[in-house]
Amino acid sequence: MQETSSIHGAWASRWIFILAATGSAVGLGNIWKFPYITGENGGGAFVLIYLFCILIVGVPIMMAEVLIGRRARQSPINAMREVAIESGHSGKWSAVGWMGVLAGFMIFSFYSVVAGWVLYYIAGMGTGDFIAIGSDDAGKVFNNLLADRDTLIIWHSIFVVMVMLVIAGGVQKGLENAVKFLMPALFVLLIVLLGYSMQSGGFQQGWGFMFHFDASQLSWDAVLTALGHSFFTLSLGMGAIMAYGSYMPKKASIGSAVLTIAAMDTLVALIAGLAIFPIVFVNGMDPGAGPGLMFITLPVAFGQMPGGQIFGFIFFLLVGIAAWTSAISLIEPATAWMVEKFGWKRLPSCIFLGVIIWILGVAALGSFNFLSDVKLAGFNIFDFMDFVTSNIMLPLGGLFVAIFAGWFMKRYASEHELAISSPTLFNAWYIVLRFIAPVAVAIIFILNLIEKLK
Ligand code: PFF
C-alpha cells in the first residue's frame, strides 16, 4: 500500500499542510486553557513538564500520526485498519480511530461552549461593554454569561454552524485561506498584548510565576495534566492530525513539518501565558481562577489600554478564528469516515454530525445553569468532558499510536514515509517512539492512579 491520493482531496503544498495542522493545534488550548491550568497547577514546574512532554512525547507521536495517515490516505478509523493489515496485523486496530472519533465529539462539546464565550466577547468588545472595566465587574460579566442558558445556546449554535459550513465545503478551501492570513495576525496581536503586559508593572512577577521551577508545586496529578495538555494542544491522540496527514503531499518531509507545527504551537502558548499572568498579578487577581481566567483578565487589560476596545475586538476575533480552525479538525475524522463508509456527500454527513455535537454542547453548557446538579464521577458535564478526554482518552490514543507505529507497523513503511536521510536521526525517533514515549505515558498514568488511590 502506498496510496498516492485521498478521495477527500489534498493540501496544495507542504506549507498548506503545516498551516492547517498549526491551525488545528493553535486554538483555545493555547490561549484559554494553557494559562489557566498553569495557574491552577502552580506555574513554573508545570510549564517545564509540559515542554518536556511536547518534545519527548508529543513530537514523536505527531510524526507517527502523520505518517500513518499519509500512508493510508483515509480517515483515521480506516487508516489504522489498513496500515495494520498491511503490516500483517489485525484490522481491529481501527478501534484506536473509533476512540478518537468519540474523543473528538466529547472535546467539541466543551470547546464549542468556550468558543461561544469568545463570540460573545467579540460582540461585547465591539459594542464597548468593557471600556475601563475593573476586575470585579469583569468577573461579574463572565458569571452572568455563564448563568444565562439561552445566550450560551445561541452562541454555541452559531459556532456549530460556522464549523459545519467549512466542513461541508471540504477542508481545503475554507481552511487554507483562514490560516494563511489569520494565524500571523493572531501572532502579531499576541505580541501587542505581550507589549502591554511588559509595561504593566507585573511582568517580572508573571515571568517568575511561569518560569521559576518550584518542585514542591508538583503532584502526579499536575504531571498528568501537563501530559494530557501536551496532547490536547498538539491535537494528538484522536486522529485529527492523522486525518490532516492523509491529505499531505507525498514528497513533503514529515519531521521538519512536525517540528515547525510544535514550535509554533508552543510559542503561542508561552506568549499567551506571558501576556496574561502579569495582568493577573498587577490587578491582584488569582492565577488559579480556572476557566474564566482569560475572560476576566483580558477585558480588564483592554479596558485600560489606549485603543483597547479595537485591540480587544480584534484579539477576541482572532481567538475565535483560532478556535474555529481547531474545531474543524475535531470533526474531520468522523466526516471523512462517513464519506468513506456510506458514500455520502459531505453535506449530509456533516448535518448528521452537527446535530450530535450540538446536543452534546448544550449538555456541556448546562453545567453552568440548568444542568448544574448533574454530576459524572464527581464532575459537572463540562469538566467531565474536559477531564476524560485530555487526561485519559488522548494520552491513551497517543500511547496506542506509539505502540502501533513502534512495534506493529513494519519498519520499512515508517522509514519510507519519514524519508529521513540520516539513519541516526531515524533511529533516534524510533527509539523514542518505541520506548521512551510509551513508557513515559504509562508511568504517568500509573503513578497518578496510585496517588489517587492513596
Ligand atoms: N489543539 C486544539 C487547541 O489547543 O485548542 C484543540 C484540539 C483540536 C484538540 C483538535 C484535539 C483536536 F483533535
Side-chain angles (χ1 to χ4, degrees), residues 19-38 50 53-54 58-59 61-62 65-66 69 75-77 96-97 99-115 117-118 159 163 166-167 171 175 178-179 182-183 186 190 225-246 258 261-262 264-273 291 294 318-337 353 357 385-398 401:
L19 281 173
T22 306
S24 165
V26 173
L28 296 172
N30 306 62
I31 304 161
W32 162 70
K33 197 171 177 195
F34 172 72
Y36 99 72
I37 57 175
T38 299
Y50 159 79
C53 289
I54 295 272
V59 166
I61 291 182
M62 190 187 258
E65 276 205 25
V66 176
S75 67
I77 293 175
V96 177
M99 184 170 77
V101 165
L102 182 64
F105 285 152
M106 291 171 68
I107 294 175
F108 194 95
S109 70
F110 69 90
Y111 209 81
S112 178
V113 174
V114 181
W117 301 345
V118 173
F159 188 72
V163 170
V166 177
I167 296 254
V171 179
L175 211 70
V179 288
L182 300 167
M183 284 294 142
L186 175 69
L190 270 173
T225 305
L227 174 79
H229 188 65
S230 67
F231 281 98
F232 184 85
T233 191
L234 293 177
S235 306
L236 290 183
M238 53 75 59
I241 292 294
M242 199 182 284
Y244 278 16
S246 73
V258 164
I261 297 159
M264 293 207 259
D265 185 76
T266 307
L267 205 61
V268 171
L270 294 179
I271 295 178
M294 167 180 115
L318 292 170
V319 174
I321 290 159
W324 194 13
T325 56
S326 297
I328 290 160
S329 69
L330 283 167
I331 306 302
E332 178 59 20
T335 315
W337 178 79
L353 296 171
I357 56 177
M385 296 293 192
D386 182 3
F387 179 85
V388 172
T389 50
S390 283
N391 292 17
I392 300 174
M393 294 172 88
L394 299 186
L396 213 56
V401 166

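Just follow the structure's listing: the first ligand is 1, and inside any ligand the first atom is 1. Because the structure is predicted, anything quoted here is derived from the model rather than measured.
- Heavy-atom minimum distance, Gly97 versus Ile77: C-CG1, 3.6 Å.
- Looking at Val401, Ile241, Leu394 one by one, the single match for side chain to side chain contact (heavy atoms under 4.5 Å, CB included) with Leu236 turns out to be Ile241.
- Atom OG1 of Thr266 and atom CD1 of Ile271 lie 11.0 Å apart (nearest 0.5 Å).
- No donor-acceptor pair closer than 3.5 Å links the side chain of Thr233 to the backbone N or O of His229.
- Protein residues having at least one heavy atom under 4.0 Å from any atom of ligand 1 are Ser24, Ala25, Gly27, Leu28, Gly29, Asn30, Tyr111, Phe232, Thr233, Ser235, Met238, Ala240, Ser326, Ser329, Leu330, listed by chain and number.
- In this structure Phe34 satisfies the ring-ring contact (aromatic ring centres under 6.0 Å, His included) test together with Tyr50, sequence neighbours excluded.
- Between Glu332 and Ser24, the closest side-chain pair of non-hydrogen atoms is not below 4.5 Å.
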